[in-house]
There are 2 protein chains.
Amino acid sequence: MAQPRYQQIADDIRRRIASGVLPPGAPLSSETEMVVEYGAARETIRKAIATLRAEGLISTAKARGSFVRPRWPIRRLGADRYKVETRQRDEQPAEKATSFTKDQGIDWSAYTMDKDFTEVPADERLAELLQVAVGTPLLRRHFVFRSHGVPQQISTSYLLLDMVGGTPVADPTNEPWPGGNIAQLATLGITVDQVREQVRTRMPTLDEARTLGIGESVPVLTITRTMLAAGRPVEAAVDIVLPGDRVELDYVIDLGSP
Amino acid sequence: MAQPRYQQIADDIRRRIASGVLPPGAPLSSETEMVVEYGAARETIRKAIATLRAEGLISTAKARGSFVRPRWPIRRLGADRYKVETRQRDEQPAEKATSFTKDQGIDWSAYTMDKDFTEVPADERLAELLQVAVGTPLLRRHFVFRSHGVPQQISTSYLLLDMVGGTPVADPTNEPWPGGNIAQLATLGITVDQVREQVRTRMPTLDEARTLGIGESVPVLTITRTMLAAGRPVEAAVDIVLPGDRVELDYVIDLGSP
DNA sequence: CAGTGGTCTAGACCACGCT
DNA sequence: GCGTGGTCTAGACCACTGT
C-alpha cells in the first residue's frame with residue numbers, strides 16, 4: 001500500500017475537479033455509487049470525501065448529495081484604496097467613490113448594508129489601539145456590506161464619541177457614505193494621513209459563515225485597522241472579516257530612503 | 001442524540017486542554033483506553049481525535065500516542081521588514097539581520113532551511129509578474145524556513161537567470177543569507193525600491209499542513225510578492241505560505257498627498 | 001417513500017516505536 | 001514482542017430531502 005486507498009480516491013476526484021470533468025456546482029456520485037465504482041467500503045469513501053471537504057473543494061449536504069464548490073471571482077482590495085478615498089473627495093464626483101467599489105466596476109448605490117450603531121466604553125484592547133483610557137465612550141458601528149446582494153465584508157468600527165457625537169457621522173441614516181471613513185472624518189476637519197492594517201486568518205464562526213455565505217471550511221481574512229491623523233489614532237476597526245475565497249489584499253511597500 | 005457522541009468526546013477533551021488539566025505536550029489516553037473510558041467504539045473515539053487534530057489542538061504520532069500540541073506565539077511580520085533589510089546593510093552588523101528575525105528575538109543562525117535551486121522557463125503567470133517573455137530562463141529557489149526547528153514559512157522565489165546566473169546568489173550554499181533577498185540583490189548592484197504583496201488565504205494542502213506542522217483545518221496565508229527596482233520587477237515569489245495560526249502581517253499605508 | 005449523507009459498532013490487519 | 005495509531009470492512013440505524 002504505497003498510498004492509502006482513501007487518498008488515492010481523493011486524488012482521483014481532485015483530478016477530475018481540476019481538469020473540469022467535474023465543473024463547479026456539479027454533483028459527485030453518491031457514496032453508495034462510489035462504493036461500487038471504487039470497490040471500497042463506504043467509510044473509506046467517506047474519508048476521501050472528508051479530505052476534499054476540508055480542502056474546501058467540495059461541499060456536502062445531508063440528504064442531497066456532494067457538490068463541487070462554486071468558485072467566486074476574486075475581489076482585489078488595492079493598496080491605493082485609501083488614497084483614492086482622499087483624492088476623490090476633492091477631484092472626482094462622489095458617485096465614482098472609492099477603489100473598494102471601483103475594483104468591481106460598481107458604485108456605492110449597488111451597496112446595501114446592515115447597520116448597527118451603539119455607544120460602548122473602550123475595553124482594554126480598544127483603549128490601546130486608540131490610545132485612550134479604558135472606559136472612554138466610543139461610537140461602535142457594525143456593518144455588513146453587500147454588493148448586489150452578495151455579502152462582501154463584516155466590520156466593526158470604533159470612533160471617539162467626543163469627536164463624532166452629534167455630527168452627521170454618528171447618524172446611521174447617512175450610510176452608506178460615499179468615500180467611506182476617510183471622507184466622513186474629513187467633513188469633521190480630520191485629515192487621515194496613515195492607515196495601519198494588521199492581517200490575520202482564521203476559520204469563520206458559524207455566524208460569520210452564514211452572514212458571508214461561505215462554507216464552514218472556507219477561511220476568512222481578518223483585518224485590524226487603525227486610522228491615524230497627525231500620528232493620533234482616530235478610528236479603529238477591530239475585526240474586519242472578509243470571505244477568504246473571494247478576496248485578495250494588495251499592498252505596496254515603498255523603500256525609497258526617507 | 002442532541003449532539004453526536006464523537007463531538008461530545010471531542011468537547012470533553014477540548015475542555016480538559018483549555019482548563020490546563022492536559023497541559024501542552026501532555027499525552028492523551030491511548031485510543032484503546034478511551035474506548036473503555038467513554039464506552040464507545042474505537043472509530044468513534046478516532047473521529048473525536050481527528051476533529052481535535054484538524055483544529056490543530058493535538059498531534060498524533062504513529063506507535064507513540066497523541067499529544068497536546070504546544071501553542072506558538074504570534075509572529076508579527078512588520079510593515080518595515082523590508083526597510084530594515086536595506087538599512088541594516090549599511091548601518092548594522094550582519095548578525096542583527098532583518099526584522100523578520102528580529103521580531104522573534106533571534107538571528108539568522110537560529111534558522112535552518114531546506115533549499116532546492118533549479119532552473120525553469122517562465123510560465124504564463126511568472127512571465128506577467130516579471131514582465132518577461134514566456135519561456136525566459138529563471139532561477140527557481142524553493143525554501144522551507146525553520147526557526148529553532150519550528151517551520152515558519154514555505155516559499156518559492158524566482159529570479160531572472162540572466163541577472164543572477166553564476167553569481168553567489170545562485171549558489172545554494174550561501175543560504176541563509178543575512179538580510180534576505182534585498183541584501184542579495186544589492187550585492188549585484190540592484191537596489192530594490194518597491195515591494196508588492198498580494199495576500200490571500202486558503203486551506204493548506206495535506207503536504208503544506210505536514211511541512212508547517214499545523215492542523216489540516218488551520219488556514220494558511222499566502223503572499224505573492226514582487227520586488228521592483230526602478231519600476232522593473234526583479235524577483236517574484238509566487239506562493240509564500242505562512243501558518244495562519246501564528247502569523248500576523250502588519251502594513252502601514254501612508255496617505256501623505258504626493 | 002426511496003435515496004441521501006451523518007453516525008456508530010465490532011471486528012480485522014498493518015507498520016512502526018519502544019523496551 | 002507488545003502497544004500504538006493508521007487503515008479498512010460490512011454491517012446498522014437515523015434524520016432529512018426530494019418527489
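First the proteins, then the strands, lettered A, B, ... as listed; each starts at 1. Hydrogens, waters and symmetry mates are skipped; everything else that's a heavy atom, side chains included, is used.
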To the nearest Å, how far apart are [X] [atom1] and [N] [atom2]?
X     : N     : atom1 : atom2 : answer
A/Q7  : D/dT7 : CD    : P     : 7 Å
B/E31 : D/dG6 : CD    : C1'   : 8 Å
A/Q8  : D/dT7 : CD    : C1'   : 12 Å

Original post:
Could you state the interatomic distance from CD1 (B/I49) to CD1 (B/I13), rounded to the nearest 0.5 Å?
Top reply: 6.0 Å
Subject >> B/R125 and B/T224: side chain donor to acceptor below 3.5 Å >> reply: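 The answer is yes; a qualifying pair exists.
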Original post:
Is it true that atom CD of A/E128 has more than 12 heavy atoms of other residues, nucleotides or ligands lying nearer than 6.0 Å?
Top reply: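 Incorrect, the count does not exceed 12.
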**OP:** Taking only heavy atoms on the protein side, list every residue of residues 46-58 of chain A lying under 4.0 Å from any atom of DNA chain D, sorted numerically.
**Re:** A/K47
So, using salt bridge (charged side-chain N to carboxylate O under 4.0 Å, His left out) as the criterion, who are the partners of [X] when residues are at least two apart?
X      : answer
A/E248 : A/R76
B/R202 : B/E208, B/D239
B/R71  : none

**OP:** With sequence neighbours excluded, tell me which residues meet side chain to side chain donor-acceptor pair (under 3.5 Å) with B/S155.
**Re:** none
Under-4.0 Å side-chain N/O to phosphate OP1/OP2 contact, [X] with [N]:
X     : N     : result
A/T60 : C/dG5 : no
A/T32 : C/dG3 : no
B/Y6  : C/dT7 : yes

**OP:** Give a yes or no on whether the backbone of B/Y38 and the side-chain of B/R5 come within a donor-acceptor separation of less than 3.5 Å.
**Re:** yes
Original post:
Once each nucleotide of nucleotides 9-19 of chain C is scored for protein heavy atoms under 4.0 Å, what B/S/- sequence comes out, 5' to 3'?
Top reply: BB-B---BSS-
